[in-house]
Each structure stands twice: as C-alpha cells, then as structure tokens.
Amino acid sequence: MRIIEAKNYDHMSRQAANIISAQVILKPDCVLGLATGSSPIGTYKQLIDWYNKGDIDFSLVRTVNLDEYCGLDGSNDQSYRYFMHNNFFDHININPDNINIPDGKNENAEEECKRYNDIIKSMGGIDLQLLGLGPNGHIGFNEPADFFSMDTHKVSLTDATIQANKRFFEKEEDVPRFAYTMGIRNIMQAERVLMVVSGKSKAKVVKEAFFGDVTPKVPASILQVHKNFTLVADEEALSEL
Ligand code: F6R
C-alpha cells in the first residue's frame, strides 16, 4: 500500500490524473475501471484538460464502471451512466463501444451480473481501477457485511449509503434501494488500484480502513493486501492518522 498525501482536493485530483494518464500513455488500449461520486470529478476534469491539450488519447481505452443503480437508465440524470457521460466520456475521444456500465434496467439480476463478469473477463481484467471511499468504508456498492461478495452482484443499499446519496435526489424516497456492483474479487484482480479520498468527513474511515483490521465490515480494508494499491488522499482525509 502506498499513500500519496495531497494538499487539497485539486492537488489530489492532479496526482490521480497523473497516474491514470501514465497508464494510458504506457498502454493505450488499457482497461480502466471507473467510479462515480464527488471524489473523482476533479480527476476526470484534469484528464479532460490534458486531452484537450493533446496530451492523452483515449481512442483505444476500454472502460468498465464499478456500479449502477437498479431501475435507472442512462437518460436519468441520477444514473451513473449519465454521470459518466456528463463528467467524462462526452468530453474525450473514447469509442462508445468501449464503454461498459452495468445495465440498471435489466431486471434479471442473474443475467446482468453474468453479462458484466463476462465482459470483465473477456477484456483480460482491469489494468487500473479507480475508487472512491464510502463514508461506511464501502467500495463500489460493496457494503459492510459479514463476508466479501466476490463477483458482480445485486445489493440492497444500506441506510448509511441512502443517507449519503440522497443529496443528489429531490426526495429520499427517490433514492434507489438496489444497485449492481462489481464484487471484491473483480476489484482485487485489477493490476493496480487507485483510490481518491478528500475531506475531513472521510478521516475516520480512512484510518479504520487502512490502519485497522482487514474485515468485510469495512470493505475497503481488503485493499491493504492488494499487490499494487495507491491511496491519494488530501491532508484533511489523512488528519486522523
Ligand atoms: C461510485 C462508488 C462509490 C463511491 C463512494 C464515495 O461509483 O462506487 O463507492 O466511490 O460512495 O463517494 P464520494 O466520492 O461521492 O464521496
């Protein structure tokens, strides 16, 4: 585990974008595992900026997103597909055929999870997986539990996650209760994992996840044993260490 201390959110975003940019330059047809949420938005902005300057080419890059809400399709502005297009894909030269996100509208969970696992397998695995950290230690939608779920699966969101995500919806009732998410094995098999964390509100969970026991009760803690895990966090997020 490597920890890169950034001064603030912008600095964290530039550091993370540098690592992703190096990955794309070294392997132009790499598989990037991507995340939504507020943490990676600055990273995407920086990558778009370098793309506009001609420094990065995404034409061969393939992507797999971590998760998607069940019941929302890409035209819903709260879906993760919408988020990804709005914050990243629509601003770079990625081939739309190379974008993969779980299909929240597929009600057949078994079929959808198999389809997604097969996609990851057929790509030869993930070269770099970008992650945020949930306030309860979740990664993707792998919520605190008594065991680690291995592959893509359907989850019930915990109350803590519903509370954390309701800021994006008009009413709490509108927050979907289920999601599709990559599992812990999908994430752990990535060649490199890069997590971005910012702000005082994450300081306690950063300490728990990376300086406490490895336990499914804090899903991110499993990253302590990943062979190539880099945490880029700002001073506030590291302030409890
Ligand atoms: C997003 C995701 C989530 C977020 C986490 C942190 O695709 O899978 O695990 O990374 O909830 O969210 P933010 O960055 O909004 O604090």
Side-chain angles (χ1 to χ4, degrees), residues 6 8-10 12-13 16-17 20 32-45 63-70 72 74 76-89 99-104 116 120 126 128-145 148-149 152-169 175-176 178-184 186-188 190 193-206 208-210 216 218-223 229-234 236-238:
N8 50 35
Y9 181 85
D10 285 344
M12 171 199 79
S13 302
I20 297 171
L32 297 180
L34 298 177
T36 62
S38 40
S39 309
I41 288 183
T43 305
Y44 295 142
K45 274 209 183 101
T63 65
V64 274
N65 259 79
L66 276 171
D67 43 15
E68 178 62 284
Y69 287 123
C70 289
L72 305 190
N76 186 310
D77 63 4
Q78 292 309 326
S79 71
Y80 285 177
R81 184 176 288 274
Y82 188 98
F83 174 102
M84 287 309 299
H85 278 276
N86 200 26
N87 288 294
F88 195 35
F89 297 147
I99 295 171
N100 296 284
I101 301 175
D103 176 5
Y116 211 64
I120 299 171
I126 298 166
L128 184 153
Q129 177 65 54
L130 178 62
L131 296 175
L133 176 64
N136 60 0
H138 74 207
I139 46 177
F141 273 129
N142 292 276
E143 300 281 29
F148 291 112
S149 291
T152 307
H153 58 289
K154 184 176 175 176
V155 279
S156 306
L157 305 190
T158 59
D159 198 46
T161 298
I162 292 167
Q163 294 307 319
N165 289 3
K166 71 177 184 196
R167 61 200 151 122
F168 300 113
F169 292 82
V175 186
F178 297 96
Y180 290 127
T181 181
M182 274 186 205
I184 294 296
N186 301 126
I187 295 170
M188 288 300 281
V193 176
L194 171 64
M195 177 179 273
V196 279
V197 189
S198 160
K200 193 104 194 121
S201 65
K202 299 278 176 76
K204 197 163 157 279
V205 68
V206 164
E208 252 172 49
F210 305 119
V218 186
S221 64
I222 191 78
L223 296 167
F229 169 54
T230 304
L231 170 67
V232 183
D234 66 10
E236 285 191 356
L238 297 174

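Just so it is clear, the model here is predicted, and its values are computed rather than measured. Each ligand, and each atom within it, is numbered from 1 in the order the structure gives.
- For residues 160-169, every residue pair satisfying the salt bridge (Lys or Arg N to Asp or Glu O under 4.0 Å) rule, not counting sequence neighbours, is listed here: K166-E172.
- A perpendicular orientation is assigned to the rings of F169 and Y69, their planes being inclined by more than 60° (bins at 30° and 60°).
- Within 4.0 Å of ligand 1, the residues that place a heavy atom are A35, T36, G37, S38, S39, L66, D67, G132, L133, G134, H138, G140, R167, K202, listed by chain and number.
- Here the straight-line distance linking atom CG of L231 with atom CG of L238 works out to 6.5 Å at 0.5 Å rounding.
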- Item | Stepwise side-chain hydrogen bond (donor to acceptor under 3.5 Å, both in side chains) check, H138 with T161 | CA-CA 9 Å; H138 74 207; T161 298; 3.2 Å; yes
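- Among residues two or more places apart in sequence or in another chain, the salt bridge (charged side-chain N to carboxylate O under 4.0 Å, His left out) test is passed with K200 by none.
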Donor-acceptor contacts, no H, no angles, side chain residues 37-45, under 3.5 Å, sequence neighbours left out:
residue: Y44; atom: OH; partner: A35; partner atom: N; Å: 3.2
residue: Y44; atom: OH; partner: A35; partner atom: O; Å: 2.6

